[in-house]
Amino acid sequence: MTIVYTDAHLAHQPPHEIYEGELVAYAEKAARAEVIIKAIREQGEHRIIAPKEFPIEHIYAVHQRSYVDFLQKRSEKLEKGRVLYPSYFISDTYAPVTPGTYVASCQAVNVALTAAEQLLTSQQPVYALCRPPGHHAEHHSMGGYCYFNNAAVAAMYLSAQGKVAILDIDLHHGNGTQHTFYDRDDVLYVSLHADPSVMYPHISGFTDEQGRGAGLGYTINYPMPLGTGDKQYLAKLHQALQDIQHFKPDFLVVSVGFDTFIKDPIGGFKLTIPVYKQLASHIADLQLPTLLVQEGGYNVEHLGMMATTFLSGLQPR
Ligand code: SP5
Ligand code: ZN
């Protein structure tokens, strides 16, 4: 299958995040994407392509201009080695800005859009190895290691060509993606995630969030308790896939997180590596043009294996 990747993400490597007022090591490390692409290269079965440049208007279709401008100016004005912990246009303390943050974030969007464009000409699944991730980025704020919402920008682009279903299987609720399409009946957002009353982002992802106006019924949340394992997860995935089938989309965008893994350092679920192949093959059974967008997953030791296991489940059986 086709993988879209660039090492431009290396420009974004904040050393710390702020947790309860203290600086702690940044979990969203550059090594995450490096070990995934290394494992994919070693597998040798995939075509890896570089992103092309898309106009900035694609980002403006999801994010407020004043937020985009803020991120660009603050990022590019920083001296080498400096880190800004912004006071504005931010929803939590998990989005430090470095000199390379803006460029890396734009390239992550280009990775997602390049992959989306591939879908228009080929029926094969395409994997966008985005870093930084995106699903917590809102219309006018960064947060949760996310700056621009890669999956939302790609889904917005695809929605000009047909109905889009977004399946979010990151451990955390994709608040930014949900809100981007909250009023729309032509883009379905379905998320499986840890119960937000005990897990980031805490303020969204509850079952009573179902969309608004014409969009009512086109947002579906499946919060699950901490400790959720393979069997419970697969059962909920089955329900989510039925929702998607019922919607009859033309395209499927999957926000893929590997932070549901039992050994994730900031996780809380108990999924094992082999289940990622099962998740992928159930997704492939929908037989939709499918864009996979990388979100979270922080166990650097096992990420390569998780990604290749997941991708192996997407191959035709
Ligand atoms: C894309 C994605 O998966 N973002 C997740 C953001 C979660 N941020 C909250 C992390 C809180 C844990 N860090 C504190 C460590 C203290 N030991
Ligand atoms: Zn996550």
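Whatever order the structure lists ligands and atoms in, that order sets their numbers, starting from 1. If you're wondering where the values come from, they're calculated on a predicted model, not measured in any experiment.
Within the listing of ligand 1, atoms 3 (O) sit less than 4.0 angstrom from a heavy atom of Asp170. The atoms of ligand 1 that sit less than 4.0 Å from any heavy atom of Pro133 are 1 (C). Numbered from 1 in the order shown, with element, the atoms of ligand 1 that lie under 4.0 Å from a heavy atom of Gly296 read 3 (O).
Looking at Arg212 and Asp183, a side-chain N of the basic residue comes within less than 4.0 Å of a carboxylate O on the acidic one, giving a salt bridge. Checked for salt-bridge contact, Glu34 and Lys29 miss the test: no charged N lies under 4.0 Å from a carboxylate O. Remark: Lys52 engages Glu117 in a salt bridge, criterion side-chain N to carboxylate O under 4.0 Å.
Under the 30°/60° scheme for interplanar angles, the aromatic rings of His12 and Tyr147 are found to stand perpendicular. In this pair, His63 and Phe148 present their aromatic rings tilted. The plane angle is within the 30 to 60° band.
Protein heavy atom closest to atom 13 (N) of ligand 1, with residue, atom name and distance, is Glu17 OE2, 3.3 Å. For atom 10 (C) of ligand 1, the closest heavy atom belonging to the protein is Tyr145 OH, 3.7 Å. If you check which protein heavy atom lies closest to atom 12 (C) of ligand 1, you get Ile266 CG2, 4.1 Å. Nearest to atom 16 (C) of ligand 1 among the protein's heavy atoms is Tyr19 CD2, 3.6 Å. With respect to atom 11 (C) of ligand 1, the closest heavy atom belonging to the protein is Tyr94 OH, 3.4 Å.
Considering backbone and side-chain atoms alike, Tyr298 places an N or O below 3.5 Å from some N or O of ligand 1. Ligand 1 has an N or O atom lying under 3.5 Å from an N or O atom of Asp259, backbone or side chain. For ligand 1, none of its N or O atoms has an N or O atom of Tyr200 under 3.5 Å away.
For the residues Cys146, Gly144, Gly134, the heavy atom positioned nearest atom 4 (N) of ligand 1 is part of Gly144.
In this structure the side chain of Pro15 never reaches within 4.5 angstrom of the side chain of Tyr26, judged on heavy atoms. Under the 4.5 Å side-chain criterion, counting only non-hydrogen atoms from C-beta, Phe247 is in contact with Tyr218. Side chains of Ile273 and Phe261 form a contact here, defined as non-hydrogen atoms less than 4.5 Å apart. Side-chain contact between Gln13 and Thr98: absent, with no pair of heavy atoms (C-beta onward) separated by less than 4.5 Å.
Aromatic pair Tyr200/His136: centroids less than 6.0 angstrom apart.
The angle that His172 ND1 and Asp259 OD2 make at the Zn ion (ligand 2), rounded to 10°, works out to 100°.
Residue His136: no N/O/S atom is found under 2.8 Å from the Zn ion (ligand 2). Among the atoms of Asp170, an N, O or S atom is found under 2.8 Å from the Zn ion (ligand 2).
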